Structures are given as C-alpha cells and as structure tokens.
Protein chains: 6
Amino acid sequence: MPYIEVNVTKGATNEQKAQLVEGITDLMVKVMNKNPYSTHVVIKEVETESWGISGKSVKRLRAEGNTANISKV
Amino acid sequence: MPYIEVNVTKGATNEQKAQLVEGITDLMVKVMNKNPYSTHVVIKEVETESWGISGKSVKRLRAEGNTANISKV
Amino acid sequence: MPYIEVNVTKGATNEQKAQLVEGITDLMVKVMNKNPYSTHVVIKEVETESWGISGKSVKRLRAEGNTANISKV
Amino acid sequence: MPYIEVNVTKGATNEQKAQLVEGITDLMVKVMNKNPYSTHVVIKEVETESWGISGKSVKRLRAEGNTANISKV
Amino acid sequence: MPYIEVNVTKGATNEQKAQLVEGITDLMVKVMNKNPYSTHVVIKEVETESWGISGKSVKRLRAEGNTANISKV
Amino acid sequence: MPYIEVNVTKGATNEQKAQLVEGITDLMVKVMNKNPYSTHVVIKEVETESWGISGKSVKRLRAEGNTANISKV
C-alpha cells in the first residue's frame with residue numbers, strides 16, 4: 001500500500017523514470033516486505049522557475065552558475 | 001477547512017472533474033459537517049510514464065495489456 | 001491507481017473515516033471507472049494549532065469564536 | 001531542511017514566484033532558524049478546472065462571477 | 001534538490017527507515033545524478049484506520065484477513 | 001484558494017507556528033493578491049528519524065554533529 005512521491009525538477013528521461021520506479025519499488029519490497037502490486041511510485045516534475053533553494057529559483061541559480069553548495073543538477 | 005488532493009493519471013474530462021469535486025465536497029459536508037466554502041478539492045493529473053505500480057510505469061503496463069491485477073484504467 | 005489524500009484537522013471518529021474512505025472510493029469507481037482494489041484513500045489529521053486560515057490558527061479562531069466566514073468546524 | 005509546497009491556481013508570473021520563494025525562505029530563516037541552503041520552496045500550479053471550492057471548480061465560479069465569499073483570485 | 005515522500009502505514013523500525021533513506025538517496029544519485037546533500041527523503045506514517053483500499057480501512061481488511069489481493073502488509 | 005504545506009522536523013513552538021502562518025498568509029495576499037480567508041497554511045512536523053538528508057536521518061546527523069553543510073537545525 002505505500003505511495004511514494006518523487007518531486008524533482010523537469011528533465012528526467014523515460015528511462016530514468018523507469019529506473020526510479022523499479023528501484024524504489026524493489027526497496028519497498030525488500031526493506032518493508034510490501035506487495036509490489038500495491039506499491040505506487042509517482043514522479044512529479046516541477047519547472048526550474050518554480051523550485052527555490054536558498055531563496056532563489058533553480059533557474060536563476062543555474063544561470064548564475066551558483067550551484068556548488070546546493071545541487072549537482 | 002479540509003484540503004483533498006486527488007492524484008490520478010491524465011485523462012479526466014472536465015465533466016468528470018466536476019463530478020469528483022461536487023461528490024467529495026458533499027461527503028465532507030455530510031460526513032464531517034465541514035463548511036463547503038472552505039472545502040478545497042484539487043485534482044492532480046500525472047502522465048502515465050510517471051506513475052508506477054509493481055515496479056513498472058502505467059504506460060508500459062497498458063502497452064503490455066498487463067493490468068488485470070492492478071487497475072481498470 | 002488513484003491516491004486521494006484528505007487533509008483535515010484532528011477529531012474524526014473511526015466511523016467518519018470509514019464513511020469517507022467508502023464514499024470517495026465509490027466516487028472513483030463510478031465517475032472515473034477506477035478499480036477499487038487500486039484506489040487508496042488516506043486521511044491525514046493535523047492539530048488545530050498547525051492549520052492556519054486568514055493568517056491565524058484554527059485553534060485561535062475557535063477560541064475567539066471567530067469562524068463564521070471560515071469554517072463550521 | 002524544510003520543504004514548503006505552495007499549491008495555487010495557474011497564472012503566477014516568474015517575478016511573483018521569485019518573491020514567494022524569497023519571502024518564504026526568509027521566514028524559515030528568521031522564525032525557525034533554518035539554513036536557507038537546505039530550505040526548498042516549490043510552487044505547484046493547478047488549472048482552474050482542477051481546483052474546486054464549495055463543490056464547484058474555480059473556472060466555473062469565476063465564469064459565474066461568484067467568488068465574493070471564496071477568493072479574490 | 002529532490003524531495004521524496006514515502007507514505008506508508010505505521011510500524012517501520014528505525015533500521016528500516018534508515019535503509020529506505022539510504023537506498024532512495026543512492027537511487028537519486030545514481031539514476032538522476034543528484035547531489036545527496038540536497039536530496040531529502042521523508043517518511044510519513046499513517047494509522048491503519050486512516051488508510052483505505054478498496055473502500056475499507058487497512059485496519060478492517062487485516063482484521064478480516066482479507067488482504068490477499070491488496071497488500072502483504 | 002492557495003494551500004501551503006510546510007514540512008519540517010518536529011520542535012516548532014506554537015508561537016513559531018503562528019508567525020509562519022501569519023507571515024506566509026501575508027505573502028500570499030501581498031504578492032499574489034489572494035484572499036486571506038481562503039488561504040490555508042498547514043504545518044506538518046516529522047520526527048527526526050523519519051527525515052533523511054544525504055542518505056542519513058537528521059537524528060543521526062545531529063548525533064554525529066555532522067550538520068554543517070546541510071542545515072542549521
């Protein structure tokens with residue numbers, strides 16, 4: 001019955017999404033003994049101008065090249 | 001004051017959305033005695049490649065015709 | 001596959017929760033043609049000091065008797 | 001470490017989003033003593049036909065001019 | 001910058017939580033090339049009377065021994 | 001009509017919660033021209049063993065004194 005919501009900025013490929021869905025489901029089965037058929041993994045993508053860290057949008061941080069302490073991507 | 005978030009794969013019509021909003025609001029009023037004017041129902045639609053069940057995306061499960069134990073839609 | 005999250009202040013009885021779960025699931029089946037076995041309804045209860053409307057907590061609004069324009073409960 | 005999710009109907013400009021991100025981050029720093037570099041503010045915009053209040057969508061409420069008791073916008 | 005929310009019924013041990021946090025973070029780094037220091041994994045536990053599947057609470061489904069098609073746990 | 005959810009580790013006082021609710025509501029009114037009576041701010045507190053950053057729980061990171069690059073609190 002678990003429901004896992006992955007919030008991330010836009011840009012994941014379908015292959016990356018498939019790997020996240022498979023990997024997280026495997027974890028729920030192995031670690032928590034959950035039934036995979038009732039395990040839901042949902043990926044919600046957010047535009048970079050709508051995600052802020054340290055008071056600035058990711059879009060602006062990337063434009064400034066100012067991401068060292070915050071995020072690789 | 002309740003806030004109800006309906007997460008579902010894409011494809012609902014505006015008529016279906018209207019029925020969900022009306023039906024869920026009615027439930028909050030009848031069952032919980034909530035004021036409808038402060039009852040918010042929000043429908044969030046997710047692409048089928050971003051929703052996974054049993055470790056595979058709904059998009060792939062549908063392509064495989066493999067949805068019997070998982071979901072009608 | 002839908003996942004419905006009901007956010008509400010604390011105080012629902014188990015009977016009320018059961019009615020919400022049943023009623024919302026019925027709506028998802030009738031309106032959206034979803035399979036009930038993959039329909040998840042989750043109720044998240046929040047303390048009244050942690051829910052704010054119009055800039056004040058529900059706890060304070062109730063103590064002031066100031067809920068006419070906001071919420072019955 | 002806080003994660004703040006702002007759910008709102010569509011239509012915010014990038015300038016408005018920037019002000020929300022900056023303002024909410026400042027609050028987390030001043031009120032809660034949080035580190036801004038681990039404070040995430042995410043804005044999720046919802047179509048007006050997918051947001052319901054009082055059992056009707058915001059789209060319909062606005063078309064009816066019937067928003068006095070509900071919301072300015 | 002990802003934020004992953006794991007919603008699950010109550011009962012996870014701290015060791016299980018640690019494995020989920022570590023495993024999901026590893027996935028975000030390997031699959032998505034995210035910085036682990038900005039990857040947040042949050043586990044939200046829900047009482048079994050507040051989680052419904054197929055229109056009934058998990059608490060009731062378990063009491064009835066009726067969980068075969070729904071969930072192992 | 002906005003709904004703002006603040007996710008944070010446990011420990012906020014009622015006074016801090018009141019300041020967050022007031023401050024975020026003011027922002028929604030000033031920046032977005034929203035009606036405060038339909039602006040909901042909800043604070044969800046999470047145990048430190050249920051919030052992970054960099055693959056470790058905040059509880060463990062604090063016990064190790066290892067929070068410099070992650071969060072003040």
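Chain letters run A, B, ... following the sequence lines, proteins first, then strands; residues in each count from 1. This structure is a prediction, so every number in the text was calculated from the model and none was measured.
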**OP:** Could you tell me which non-hydrogen atom of F:Y3 sits nearest to which non-hydrogen atom of D:W51, and how far apart they are?
**Re:** N-CH2, 4.0 Å
Original post:
Can you find a heavy atom in the side chain of F:E22 that is under 4.5 Å from one in the side chain of D:L27?
Top reply: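 F:E22 does not reach D:L27 side chain to side chain.
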Original post:
Considering only heavy atoms from C-beta outward, does the side chain of F:K34 approach that of D:T9 to under 4.5 Å?
Top reply: yes
Original post:
Roughly how far, to the nearest 0.5 Å, is the CD1 atom of D:I43 from the CE atom of F:M32?
Top reply: 7.5 Å
Original post:
For the atom pair CG (F:N7) and CE (D:M1), what is the distance rounded to the nearest 0.5 Å?
Top reply: 11.5 Å
**OP:** Among the options D:L20, D:V46, D:V41, D:D26, pick out the one with the most heavy-atom pairs lying under 4.5 Å from chain F.
**Re:**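 Of the candidates given, the most pairs with chain F belong to D:L20.
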Subject >> Sole residue of D:K17, D:Q16, D:E15 in side-chain contact (heavy atoms from CB on, under 4.5 Å) with F:V31 >> reply: D:Q16
